[in-house]
There are 2 protein chains.
Amino acid sequence: MTNYPNIAVDVVLFSYFEKALNVLLIQRNIAPFIGQYALPGVFLKEDEMADNAALRALKDETNVQIAYLEQLYTITDLHRDPRQRIISISYFGLVNQNDFTLSDGNEDASFVEWVNVNEIPTRLAFDHGEILEMALTRLRTKVQYEPIGFELLPEWFTLTELYDMYRIILQKEFDRRNFTRKVMSYGLIKKTEHKTGGHVGRKGQLYEFDLERYTELAKTGVYFEI
Amino acid sequence: MTNYPNIAVDVVLFSYFEKALNVLLIQRNIAPFIGQYALPGVFLKEDEMADNAALRALKDETNVQIAYLEQLYTITDLHRDPRQRIISISYFGLVNQNDFTLSDGNEDASFVEWVNVNEIPTRLAFDHGEILEMALTRLRTKVQYEPIGFELLPEWFTLTELYDMYRIILQKEFDRRNFTRKVMSYGLIKKTEHKTGGHVGRKGQLYEFDLERYTELAKTGVYFEI
DNA sequence: TCAAAAGTGTTCCGAATACACCCATGA
DNA sequence: TCATGGGTGTATTCGGAACACTTTTGA
């Protein structure tokens, strides 16, 4: 099936590891904006839904399961691409902090990289800087009323890891004891039988997200709040 | 300029009057879905931004200022239109409760109507029922943390009118004194020198939305909450 | 004078906040 | 034994929720 030459699907994919929030960027090796960083993207195919195009854009670049994906915004500005008018349907996604590998690039990209959101190049290709800004705002807002933050962590995590992640995403300091109490009060995470190890210091209790409990709560419209 | 035959812009426009939340629907007089209710919509032109297309879709049907307009969602399902694949970029808008007239219809629509959201026909054309559902959810959510509700009221309004509107939009009963206190505490509305009249009972103090105060608050990131 | 709409204060309870020390472990 | 990371309780404050009667006006 052929592509729509006028509709692109671009994705802002976030990951969290080593106490940093990262976004997946590629370096373009074709015109326009050759050499500049950009978001992964593809042209929509004529028989393809945009969600699938977003997944396809990522499949070229990473080998991981996408834990969360939602539509972000559709930009219809006339001159955002110097070649011709291209409409961008943008997506916002999260991946689990599991081991995963990035590919070496493809025909569009000389390489693919996780970039710390605090170290994003000032000029990205097209209007991708604005799209990224929008995605960051959405992530920071949404993480506060829906438990999507868990999607960025591995299956088992300590309360400290969860706490650190929220601090880093929200760029805000808050009290660890109050955070713990609040998180536990929702009953959305449950103890596992496992503990951390392989590091100095006391072993940590590992928890997991209780999906069952969440879907139950979601039905009655109760919202997670940090 | 020609249209993109594969991209539609559809709008869910809300109004509030006579203690009811209403949505603008047209009755189609062309195929497909002839005779059924649908959302106002147009095909995107090749040199037109989607926001402008949304305004154009409304200009055919109403003679009022659109007080608020934001993008809702882009639907890319393959078979939502029986003729061919058409992508819909949907918008969500609000109009002031001023005097305004609806037009008599145009080539696509035999008539245009404000329909109470509690009396929406069960089957709308295309997937417009789902779009409308999404818009209602967005309105009900957003009205609780951004002061967009004011866009539905005339310039001057009483606290009772404001209170009734929130009750009706949110379909929830709450205490009028608590509501008043909360609304006043933001300083977002200010007394005018005018009072209601022409009805039985005590004259009511008329208030207006303080836009200046709002933009000031918005800068520092303070949010209105009901 | 009565019906209709407008206006207004206080108490109570629960949640958010502020705050600091002990525990377990491996090097 | 010490450096590192994990774990936990209480007092105070503030905001949300519950609750009912008086005032003004025009018919």
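Just so it is clear: chains get the letters A, B, ... in the order the sequence lines come, proteins before strands, and each one is counted from 1. On a predicted model such as this, the values are computed, not experimentally measured, just so you know.
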Atom-to-atom span, [atom1] of [X] to [atom2] of [N] - whole angstrom:
X	N	atom1	atom2	result
B:H199	D:dA27	NE2	P	11 Å
A:R181	C:dC19	CZ	P	14 Å
A:W156	D:dG6	CH2	P	17 Å
A:Q205	C:dA24	CD	C1'	14 Å
B:E173	D:dC19	CD	C1'	15 Å
A:M184	C:dA15	CE	P	17 Å
A:F174	C:dC19	CZ	P	17 Å
A:R202	D:dG6	CZ	C1'	5 Å

Would you indicate which nucleotide in [options] comes nearest to any side-chain atom of [X]?
X	options	result
B:K203	D:dG26, D:dT10, D:dA18	D:dG26
A:N178	C:dA18, C:dG7, D:dT4	C:dA18
A:R177	D:dT10, C:dC19, D:dA20	C:dC19

With nearest nucleotides of DNA chain D determined for B:D175 and B:E225 from heavy-atom distances, which residue corresponds to the more 5′ nucleotide?
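The residue closer to the strand's 5' end, by nearest nucleotide, is B:E225.
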Let me know, please, whether A:T180 or B:G201 comes out on the 5' side of the other along DNA chain D by nearest nucleotide.
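Its nearest nucleotide being more 5', the pick is A:T180.
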[N] OP1/OP2 closer than 4.0 Å to side-chain N/O of [X]:
X	N	answer
B:T160	C:dA5	no
B:K182	D:dG15	no
B:K195	D:dT25	no

Looking only at heavy atoms, which two atoms of A:E151 and A:Y68 are closest? And how far apart?
CG-CB, 4.1 Å
Taking only Lys NZ, Arg NE, NH1 and NH2, and the carboxylate oxygens of Asp or Glu, determine whether [X] and [Y] approach each other closer than 4.0 Å.
X	Y	result
A:R80	A:D77	no
A:K191	A:E208	no
A:E70	A:R138	yes

Side chain to side chain donor-acceptor pair (under 3.5 Å) partner of A:Y37, the single match among A:R28, A:R123, A:E113
A:E113
